[in-house]
Undergrad: 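The structure that follows is given in the form of structure tokens.
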Amino acid sequence: MVLHESDLSQKAATNSLPLQDAFAVLFFVSVGMLFDPSILVREPLMVAAVLLLIVIGKSLVALGIVLALGYPLSTALTVSASLAQIGEFSFILAGLGITYDLMEKEGLNLVLAGALFSITLNPLTFAAVDRLIRRVQSNPQLKRQFEEARVTHFARLKHDLDSTREQAAKRAAAHKTFTPEELVDRFPLFEGLSPEQREVLVLHFETRTAQPGERIIRAGDKADTVYFVVDGQVEVAVGNRRIKLGAGDFFGEMALISGLPRAADVTALDYSKFAILSRRDFRQFLTRYPAIRDRIAALASKRREMNRHLASENA
Ligand code: CMP
């Protein structure tokens, strides 16, 4: 759920696939070690009752809920087949039940037997559901009802999906300054980053624009942003000197690195566009990529040195 919030959730899900396999193995080994097979001889009827409750009872409840929510029969049947089993949550609940004296130890063995058998039977449940769906479709009257429900449901789903896509595209457009490939063309500083690292960096950028004459940074202010010039030109005022920076340059890094107030005024000379990073993102970025941090820090100290020189000239 946490990963799902991220823009990179798809990638994270793919990268974590090997972990899923490891957890699946761990799950089955631990169930096997907890299970006491003698329960099958001691309480065969109880095991059968628990299994029926899981495979039939639980699925019927799921079927009813999905149908009541207005989904077509095929969806309801597929959902109930998926839920015709129990897993690790039931072990946790059974464990808690035993701790609080609400359940006897034997209960855990029944739950484990239920889990093992219901998981084993699950492919058969799916096969049975497939046959049931096919039979429903071969009956013209049932098929009509089924198709109608499906058509309206799909139309609704498609509409939801389209509007979600539209929102995502708007968000991406508002967020995006340039593509990860363009990043290096514009800012050779980021050459050493891998394609994935570029992608992450681009997602952290936000766009800001400025009109000619607009002051972007005021000397002495507290710093919260670093600016990468995408388009246009700005002027840095240090004493009487005016230093011009254009596309591919960056500014606002000195105060973020040193923690001191802004060292100079920066004013836009043209209609300018910047990719900006917040203080937090910039700091994280520098920590993660020491080689780039060194290059930025070197330029910052060169600028500081130049300003010191200019100040002593003026004095
Ligand atoms: P910062 O001090 O955060 O805010 C003002 C910015 O102007 C500063 O960071 C630098 O990015 C930039 N700057 C200051 N001095 C110079 C200089 N001598 N040459 C180029 N840029 C400078």
Side-chain angles (χ1 to χ4, degrees), residues 174-194 197-315:
H175 231 272
K176 211 167 92 180
T177 39
F178 33 72
T179 63
E181 295 76 42
E182 285 166 345
L183 173 78
V184 177
D185 286 345
R186 289 173 192 264
F187 302 101
L189 177 72
F190 300 122
E191 239 160 29
L193 298 182
S194 72
Q197 291 166 338
R198 288 174 199 174
E199 209 171 296
V200 175
L201 178 61
V202 166
L203 282 172
H204 283 103
F205 275 132
E206 278 183 38
T207 315
R208 189 173 292 177
T209 52
Q211 311 212 354
E214 187 176 330
R215 178 139 38 177
I216 303 152
I217 284 183
R218 192 184 294 271
D221 277 358
K222 253 179 77 185
D224 53 7
T225 315
V226 63
Y227 297 76
F228 292 85
V229 186
V230 179
D231 268 327
Q233 204 176 36
V234 299
E235 185 179 75
V236 181
V238 185
N240 298 329
R241 267 291 285 281
R242 301 283 178 268
I243 300 138
K244 288 191 175 122
L245 301 177
D249 289 324
F250 59 88
F251 59 90
E253 81 296 352
M254 283 170 66
L256 288 189
I257 292 175
S258 65
L260 295 171
R262 295 291 197 190
D265 279 343
V266 183
T267 311
L269 293 177
D270 272 337
Y271 287 101
S272 307
K273 186 173 163 192
F274 311 104
I276 64 169
L277 278 183
S278 68
R279 184 212 328 245
R280 191 168 142 257
D281 287 344
F282 183 58
R283 288 234 171 113
Q284 271 181 5
F285 178 77
L286 295 189
T287 319
R288 203 166 296 158
Y289 306 110
I292 296 180
R293 178 196 59 207
D294 292 348
R295 286 174 68 184
I296 294 180
L299 186 64
S301 67
K302 214 163 111 191
R303 287 173 171 175
R304 198 172 306 115
E305 193 52 44
M306 176 178 170
N307 296 356
R308 214 174 284 143
H309 192 71
L310 288 171
S312 66
E313 254 179 21
N314 280 351

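Note that the structure is a prediction, hence the values are computed from the model and not measured. We count ligands from 1, going down the list as the structure has it; atoms in each ligand are counted the same way.
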Undergrad: Distance to 0.1 Å, residue and atom name: give those for the protein heavy atom nearest to atom 12 (C) of ligand 1.
TA: Val236 CG1, 4.0 Å

Undergrad: If you count the atoms of ligand 1 from 1 in the order shown, which ones are under 4.0 Å from a heavy atom of Ala264?
TA: 5 (C)

Undergrad: Looking only at distances, please establish whether an N/O atom of ligand 1 is found under 3.5 Å from an N/O atom of Gly252.
TA: yes

Undergrad: Give the single entry among Arg242, Glu253, Arg262 that approaches atom 3 (O) of ligand 1 most closely by any heavy atom.
TA: Arg262

Undergrad: Just heavy atoms, cut-off under 4.0 Å: does Leu260 contact ligand 1 by side chain, backbone, both, or neither?
TA: neither

Undergrad: Under 3.5 Å, is there a donor-acceptor pair between the side chain of Arg262 and the main chain of Gly252?
TA: yes

Undergrad: Just by distance, do the side chain of Ser272 and the backbone of Ala268 share a donor-acceptor pair under 3.5 Å?
TA: no

Undergrad: Quick one: does ligand 1 sit under 4.0 Å from the side chain of Asn307, the backbone, both or neither, non-hydrogen atoms only?
TA: side chain

Undergrad: Examine distances only and state if a side-chain atom of Arg283 and a backbone atom of Leu256 form a donor-acceptor pair shorter than 3.5 Å.
TA: yes

Undergrad: Flag the pair Arg198 and Glu181 as a salt bridge only when some basic side-chain nitrogen lies within less than 4.0 angstrom of an acidic carboxylate oxygen.
TA: no

Undergrad: Have a look at Tyr227 and tell me which of Phe274, Phe205, Phe187, Phe250 forms a ring pair (Phe, Tyr, Trp, His ring centres under 6.0 Å) with it.
TA: Phe274

Undergrad: Could you tell me whether Ala223 approaches ligand 1 through its side chain, its backbone, both or neither, with non-hydrogen atoms closer than 4.0 Å?
TA: neither

Undergrad: Between Arg242 and Glu235, does the salt bridge (Lys or Arg N to Asp or Glu O under 4.0 Å) criterion hold? Intermediate values first, please.
TA: CA-CA 6 Å; Arg242 301 283 178 268; Glu235 185 179 75; 3.7 Å; yes

Undergrad: Which atoms of ligand 1 have any heavy atom of Ala263 under 4.0 Å away?
TA: 1 (P), 2 (O), 4 (O)

Undergrad: Heavy-atom contacts with Phe251 under 4.0 Å: which atoms of ligand 1 show up? List them by number with element.
TA: 11 (O)

Undergrad: Nearest protein heavy-atom contact for atom 1 (P) of ligand 1: which residue, which atom, what distance?
TA: Ala255 N, 3.6 Å

Undergrad: Looking at atom 14 (C) of ligand 1, what's its closest protein heavy atom, distance included?
TA: Met254 SD, 3.5 Å

Undergrad: Once rounded to the nearest 0.5 Å, what's the spacing between atom CG of Leu310 and atom CE of Met306?
TA: 5.0 Å

Undergrad: Using a strict 4.0 Å threshold on nitrogen-to-oxygen distance, state whether Glu305 and Lys302 make a salt bridge.
TA: no

Undergrad: Got the closest protein heavy atom to atom 20 (C) of ligand 1, with its distance?
TA: Arg303 NE, 3.2 Å

